[in-house]
Structure formats: structure tokens, C-alpha cells
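Let me begin by presenting the structure, written as C-alpha cells, before commenting on it.
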Amino acid sequence: MAKIDSELQKQVDDQLLEQGAFTVLELLLATGRLAYADYESWRRQEIEFLDGVLMGSPEKIRAQIEQSVSYARSIGLVEQPQEFTAWHSDGPASNQPLRISAQADMHRLIAGRFIPAQQAPQMDLFFDNPVAALTNGIARALASTNAADAQRQLDRLYEIAPTHSDLAAYDRLVSALSHLGQPIEDARQELEFLLETAPTAKRLLGSQWRELLTPLWRQLADALKGQPFSADDPQMHRAFALAQAQDWAGVSASVVDEPNWWRQPALCLQLAQSGAFQHRRVESLTGWFALCWCAPAMAAEALSKTQQPDAGIGKAWQEFLAAEDDLADADSEDLAFAPGDFPAWMLLDELGLSRQMSIDLARTQTAGEEHYRCVHRWLEARRAQNEENELAERKALQANHPLLFRYLKSVVG
């Protein structure tokens with residue numbers, strides 16, 4: 001068995017379970033290494049090589065790709081090459097395969113599709129199988145948003161295979177495509193339709209499911225402009241629809257445009273995740289800090305999940321939990337950290353962080369926010385070499401949160 005990071009392995013396993021295949025391209029999209037907007041630009045030939053817009057360290061990205069591919073091969077998946085052509089282009093090169101990378105080995109790694117061996121068709125039988133040809137043709141037509149071609153091939157599938165188990169599912173996907181470009185009269189009905197359609201699209205279209213559903217989610221997001229957020233109905237908000245379309249910049253903008261967003265746990269979490277997918281750490285931490293203060297239990301649950309867009313926040317959370325055990329003693333068994341203390345602890349754990357995270361992020365009077373403000377003021381006084389204020393804030397922290405004070409002493413003495 002190939003050695004692979006456990007979180008990366010789960011990404012591969014989940015994709016295989018959900019879509020019946022594994023592709024590196026889908027992994028890059030799902031983990032935020034590749035923005036879907038950049039993928040679209042590449043398919044429109046506005047970008048020559050896709051690997052040039054991947055986000056993060058090229059060395060780390062390549063290592064993750066190689067690990068995932070090695071793992072896929074080690075569990076018996078069979079590699080199938082894929083070709084990608086330009087979308088909606090009338091230029092002379094529109095039928096030429098697009099290049100993912102100038103490096104041939106990198107191109108192959110990202111372009112490959114890995115499927116279970118029992119699903120890999122014998123090529124001569126595959127090409128002679130009209131049903132397989134039609135189902136693949138329908139999938140290609142749906143992914144390229146060619147409604148007429150998808151319907152034509154589906155009609156033919158009804159004729160030659162009237163008992164095919166996926167006829168109703170393909171019907172649903174063709175119906176979804178017919179929604180594109182049409183005004184949305186009932187946003188809730190459209191939301192429910194898209195949520196119900198997504199699993200079918202992922203199963204039948206594999207890594208190309210986004211080509212069908214992303215424009216529909218964007219269309220719904222446009223229809224939800226001006227819809228105020230409701231904690232009782234969080235999916236009926238523009239930010240949720242944009243998250244399904246992986247428009248992370250749009251998600252962030254929709255969240256911060258909402259009045260008092262920091263009081264809404266769902267919006268805090270969306271900001272934390274959208275910031276992470278954009279590799280904007282301050283934005284992501286702003287969302288996490290607000291979530292810790294307004295919904296501590298929800299924050300603890302979310303931060304404890306092994307799969308995070310930003311692995312660093314999960315690591316910091318585990319260190320925060322471990323610090324409580326390290327600092328406690330027999331005389332202070334009643335002392336403990338609460339999830340709301342995580343932001344203050346992070347300021348102490350990473351002393352330069354307070355230069356990036358404003359004291360004004362703490363907008364209300366929860367205990368966690370009071371501790372955050374106290375630590376922030378202490379750090380400001382320390383940098384300014386204001387010994388009087390520094391001592392006053394240390395005493396305040398010692399009185400109000402002895403465990404945080406112990407951590408402060410462990411960091412700076």
C-alpha cells in the first residue's frame with residue numbers, strides 16, 4: 001500500500017465512493033487548489049496551462065498529486081487518459097486537446113481518470129456497445145450544455161434500451177439543463193431541485209458534474225440577490241448558492257454584506273471556509289473567531305473535522321486542546337479552555353497574529369471576546385514597551401482566566 005496522508009486518502013476514497021472514479025482534477029477543485037473560475041478560463045482558452053494557476057506551493061501540490069495517484073494505483077484502480085477540448089470556440093484550434101501542463105508527466109498525472117478494474121471496458125467491446133456510446137454521449141452533451149444533443153441521444157437510448165436503469169436519472173439531468181437561461185419563478189423550488197439533482201449528476205457525470213450544475217447554482221444565486229439571511233432557512237441565501245458554485249470570492253462578499261453576519265453561525269462558517277479556499281488566512285480566521293464566539297459548540301464540532309480547506313486551522317485546534325492538558329495540575333482541575341477562548345489562545349500561540357487580526361473583531365461581550373480583547377491589549381502594550389499597561393492586562397487575564405494566563409507565561413515567561 002502506497003504511503004499517503006490520511007486526509008488526502010479520505011479525499012480520494014470519498015471521491016471514488018461518490019463518483020465511482022478518481023481524478024486529480026476533481027481533487028484540485030475540491031481542495032481549493034484550483035479555482036473553478038480558472039478552470040473555466042482554461043476551457044475557454046484564456047489560460048494556456050492549467051497548472052500555472054494552481055494555488056499553493058508547486059512542490060507541495062506535486063507531492064500531493066503523486067501521493068494520490070500512487071494510492072489510486074495501489075488499490076487497484078485502472079488509469080484512463082482523458083482529453084479536454086475548448087468550450088464554445090470557433091477558432092482553428094478549438095478541436096485540439098488542451099494542455100494542462102508544459103511538463104508531459106504533470107499533464108498525464110492531472111488528466112488521468114482512475115476507475116475500478118472491473119469497470120474498465122475492453123476497448124473493442126466498448127466501441128461496439130451502442131448503449132455505452134449513447135450514455136457517454138449524453139454525459140458529454142450535458143457537460144458541454146448542449147441540450148439538443150443530450151435530448152437526441154437520450155431519445156435514442158429510450159428506443160434501444162427501454163429498461164436501462166438510468167433513464168429517469170438522465171431525464172432529470174436533461175431537465176436540469178433546460179433550466180439554464182430561464183427565469184426562476186420559485187427560488188425555493190429551484191433550490192430543492194438542484195440539491196436533489198446533485199448526487200445524480202456526480203454519479204453519472206463524474207468530474208464533469210460542475211459543468212452542468214455550476215451555471216445553475218450561479219443563476220439561483222442571482223435570483224437570491226437581496227434575499228435577507230434567515231437562521232431558520234440558511235440555504236435560501238445567495239452565499240449558499242455561490243458556495244455550491246465554488247465562487248468563493250462571491251461567498252465572502254455575500255457574507256460580509258449581510259448585517260450582523262457575525263451573529264449567524266452559518267455565515268461565520270461560510271466565511272471561514274471561503275477564506276481558506278481563497279488562501280486568505282485573515283479572512284478565514286475572522287470567520288472562525290466569530291463562530292467560536294457566537295456558537296462555541298458548532299465551532300468545536302467544525303474545527304474537529306479532519307478535512308479542512310486549511311489544514312493549519314485543524315492543527316492549531318488540536319494544539320489548543322492539548323495545551324489544556326499540559327497546563328492543568330492537581331490543584332486546578334476545574335480550570336479549562338472553552339471554544340470561545342480559541343481566538344485569544346491563537347494570539348498567544350502566534351504572537352505576531354495580533355498585527356493582522358483587529359481587536360475590533362470582538363464586537364459583543366461574551367467571555368471569549370473579553371479574553372481576546374485583554375490578550376490583544378497586552379500584546380499592544382508589550383510592543384509599545386508600555387510596562388504599566390502590560391502589567392495591568394496581565395493581572396486582568398490572571399484574574400479572569402488563570403489557564404490562559406498560564407499559557408501566556410509559558411510563551412513569554
Side-chain angles (χ1 to χ4, degrees), residues 1-36 38-39 42-43 49-51 54-56 58-85 97-127 129 131-133 135-140 142-144 166 169 198-214 246 306-307:
M1 182 71 69
K3 185 178 179 181
I4 183 173
D5 176 80
S6 59
E7 293 183 15
L8 187 59
Q9 179 179 330
K10 191 174 189 306
Q11 290 276 359
V12 177
D13 291 341
D14 287 350
Q15 190 187 140
L16 185 61
L17 180 65
E18 185 177 67
Q19 301 178 19
F22 166 70
T23 70
V24 170
L25 187 60
E26 174 71 12
L27 177 69
L28 294 171
L29 286 163
T31 56
R33 292 293 191 184
L34 173 61
Y36 189 73
D38 288 335
Y39 170 76
W42 175 67
R43 292 300 295 268
F49 297 116
L50 195 60
D51 63 346
L54 298 180
M55 290 183 282
E59 293 77 17
K60 186 174 181 179
I61 292 172
R62 186 181 183 97
Q64 290 177 333
I65 290 173
E66 290 175 345
Q67 278 188 43
S68 63
V69 168
S70 180
Y71 172 68
R73 290 170 177 157
S74 76
I75 59 175
L77 299 185
V78 176
E79 183 175 1
Q80 293 183 326
Q82 294 185 110
E83 285 190 350
F84 299 87
T85 55
L98 298 174
R99 294 294 298 170
I100 292 175
S101 173
Q103 304 172 52
D105 61 336
M106 190 67 161
H107 173 91
R108 180 184 173 184
L109 284 170
I110 298 178
R113 180 173 182 263
F114 296 82
I115 64 172
Q118 62 270 27
Q119 295 180 16
Q122 295 180 14
M123 296 309 295
D124 55 342
L125 296 178
F126 177 76
F127 285 119
N129 186 335
V131 173
T135 55
N136 279 278
I138 294 168
R140 284 194 300 271
L142 288 167
S144 61
D166 284 326
T200 300
K202 291 176 181 180
R203 180 173 65 85
L204 293 180
L205 303 184
S207 60
Q208 292 186 300
W209 66 269
R210 288 184 178 83
E211 276 88 321
L212 173 64
L213 293 187
T214 294
Q246 293 189 301
T306 55
Q307 285 182 285

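Nearest heavy-atom pair across Val24 and Ile65 is CG1-CG1, 3.8 Å. Listed here is the closest heavy atom pair of Ser101 and Phe49: C-CD2, 3.6 Å. Of all heavy-atom pairs between Leu27 and Ser68, the closest is CD2-OG, 3.8 Å. Residue Gln11 comes nearest to Ala30 through the heavy atom pair OE1-CB, 4.3 Å, listed as atom of the first residue, atom of the second, then distance. Looking at every heavy atom in both residues, Ala201 comes nearest to Leu213 through CB-CD1, 3.9 Å.
Leu16 has its side chain within reach of Pro116: a pair of non-hydrogen atoms, C-beta onward, lies under 4.5 Å apart. Contact annotation: the side chain of Ile138 never approaches that of Leu204 to less than 4.5 Å [non-hydrogen atoms, C-beta and beyond]. A heavy-atom distance below 4.5 Å is not found between the side chains of Met106 and Ile100. For the pair Arg210 and Glu26, the minimum side-chain heavy-atom distance is below 4.5 Å. When side chains are defined from C-beta on, Leu25 does not count as touching Ser207, because their heavy atoms never get closer than 4.5 Å. Considering only heavy atoms from C-beta on, Asp166 comes within 4.5 Å of Arg203 through its side chain. Side-chain contact between Arg62 and Asp51: absent, with no pair of heavy atoms (C-beta onward) separated by less than 4.5 Å.
For the pair Trp42 (side chain) and Arg99 (backbone), a donor-acceptor distance under 3.5 Å is present. Arg113 contributes no side-chain N or O that, together with a main-chain N or O of Phe22, makes up a donor-acceptor pair within less than 3.5 Å. Although no hydrogens or angles enter the test, the distance criterion places no donor-acceptor pair under 3.5 Å between the side chain of Ser70 and the main chain of Glu66. A donor-acceptor contact shorter than 3.5 Å links the side chain of Gln246 to the backbone of Leu29. In this structure, the side chain of Gln208 does not engage the main chain of Arg140 through any donor-acceptor pair within 3.5 Å. A donor-acceptor pair under 3.5 Å is absent between the side-chain atoms of Gln80 and the main chain of Ile115, judged by distance alone.
A distance of 9.0 Å separates CG of Leu50 from CZ of Phe84, quoted to the nearest 0.5 Å. The structure places CE of Met55 at 9.0 Å from OG1 of Thr31, a figure rounded to the nearest 0.5 Å. Between the CD1 atom in Ile4 and the CD1 atom in Ile75 there is a gap of 8.5 Å [rounded to 0.5 Å]. Atom CD in Glu211 sits 3.5 Å away from atom OH in Tyr39 (nearest 0.5 Å). To the nearest 0.5 Å, atoms CD1 (Ile110) and CZ (Arg33) are separated by 12.0 Å. Gln67 CD to Gln64 CD: the interatomic distance, rounded to the nearest 0.5 Å, is 7.0 Å.
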- request: Go through the steps to decide whether Leu77 and Tyr71 satisfy the test side-chain contact (heavy atoms from CB on, under 4.5 Å), and finish with yes or no.
  value: CA-CA 9 Å; Leu77 299 185; Tyr71 172 68; over 6 Å; no
